[in-house]
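These notes are about the structure you will find just below.
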Number of protein chains: 2
Amino acid sequence: MSTCKADHCPCGQTCPLQVALKRIGGKWKIPILCVLSCQQGIRYNELMKKVTGITNTMLASSLKELEKDQLIRRVQYNEMPIRVEYFITEKGNQLIPILQPLALWGME
Amino acid sequence: MSTCKADHCPCGQTCPLQVALKRIGGKWKIPILCVLSCQQGIRYNELMKKVTGITNTMLASSLKELEKDQLIRRVQYNEMPIRVEYFITEKGNQLIPILQPLALWGME
DNA sequence: CTGTATCCAATCTGATACTG
DNA sequence: CAGTATCAGATTGGATACAG
């Protein structure tokens with residue numbers, strides 16, 4: 001994006017920050033990751049309740065993208081009825097401490 | 001957003017991360033901040049060149065929002081023709097080191 | 001030089017209904 | 001239970017022209 005190359009600047013030619021924000025951007029991915037970082041093995045309908053205000057459509061599509069980017073893992077148990085559990089991955093968990101200073105900054 | 005309240009989770013009831021990402025989200029704000037963190041007192045048309053690919057519309061609106069959020073400062077010199085310089089603020093500059101680990105994470 | 005105004009396309013988000 | 005399909009509205013981004 002930018003052509004800035006100073007040492008203290010996180011952006012290079014293809015800005016890794018834009019790459020990162022693409023993965024965790026949007027309205028719902030961070031709340032989902034937060035919930036998963038607190039409670040592993042959570043189920044779909046539990047997530048619906050914990051992530052206040054999210055719709056079916058958005059939860060499904062967000063989970064799919066997070067899984068594709070390997071920030072979460074989906075485990076399906078072929079019982080009857082079917083049961084699915086979601087887990088945060090190592091890579092996803094690394095984000096939590098990284099984002100904490102940003103959260104503090106966001107609170108002023 | 002989420003109801004998660006564990007100590008290691010950056011999200012509370014009104015997620016400060018969402019607040020932060022609103023301020024620096026979108027396609028162009030981070031590249032603009034990066035350029036400004038490297039070069040203070042840069043002018044409008046210089047920014048156009050440095051932030052590769054940005055359009056007039058987006059540069060103007062992004063600058064306005066960044067100024068409103070007090071991440072940058074606009075200084076106008078009433079010469080002829082008019083001259084304007086943009087500076088990153090203390091608050092904006094605090095973001096750079098905070099975002100660096102996220103940039104590293106984005107590079108894998 | 002430093003922007004605004006207008007209009008359009010694309011993308012994101014949400015409501016509702018339906019499925020294995 | 002754990003989703004998918006479809007459609008509509010909202011938001012974002014961009015092209016072009018114009019203004020102080």
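We name chains A, B, ... by the order of the sequence lines, and we start the count at 1 in each one.
The separation between A:R43 atom CZ and D:dG3 atom C1' is 13 Å, rounded to whole Å. Rounded to whole angstrom, the span from the CD1 atom of A:I72 across to the P atom of D:dA2 amounts to 14 Å. At whole-Å resolution of the value, CD in B:Q18 and P in C:dT13 are 10 Å apart. We find that NZ of A:K50 is positioned 19 Å from C1' of D:dA2, with the value rounded to whole Å. Separating the OH atom of B:Y44 from the P atom of D:dA19 is a distance of 17 Å, rounded to the nearest angstrom. For the pair B:M48 CE and D:dG14 P, the computed distance is 11 Å after rounding to whole Å. To the nearest angstrom, P of D:dA2 lies 11 Å from CG of A:N56. In this structure, B:L59 places its CG atom 18 Å from P of D:dT12, rounding to the nearest Å.
When the side-chain nitrogen and oxygen atoms of A:R74 are compared with OP1 and OP2 of D:dG3, one or more of them lie within a distance under 4.0 Å. Contact annotation: B:Y77 does not reach the phosphate of C:dT2 (side-chain N/O to OP1 or OP2, under 4.0 Å). The phosphate of C:dC1 has neither OP1 nor OP2 within less than 4.0 Å of any side-chain N or O from B:Y86. In this model, the phosphate group of D:dT11 is not approached by any side-chain N or O of A:K27 to a distance below 4.0 Å at OP1 or OP2. Between A:N45 and the phosphate of D:dA2, there is a side-chain N or O to OP1/OP2 separation shorter than 4.0 Å. Using a 4.0 Å cut-off, no side-chain N or O of A:W28 falls inside it from OP1 or OP2 of C:dC12.
Of the possible polar contacts, one joining the B:W105 side chain to the A:K91 backbone as a donor-acceptor pair under 3.5 Å is found. A:E85 places no side-chain N or O within donor-acceptor distance of the main-chain N or O of A:R74, the cut-off being under 3.5 Å.
In this structure, the side chains of A:L36 and A:N93 stay at 4.5 Å or more apart for every pair of heavy atoms.
Checked against D:dC1, D:dA2, D:dG20, the side chain of B:I82 finds its nearest nucleotide in D:dG20.
For the pair A:R83 and A:T57, nearest-nucleotide mapping onto DNA chain D gives the more 5' position to A:R83. Nearest-nucleotide assignment on DNA chain C puts the 5′-proximal partner with B:K64, out of A:T55 and B:K64.
Taking all atoms of both residues into account, the shortest heavy-atom contact from B:I88 to B:L71 is CG1-O, 3.5 Å.
Ion pairing of B:E65 with B:R23 is absent here, as no side-chain N (NZ or NE/NH1/NH2) approaches a carboxylate O to less than 4.0 Å.
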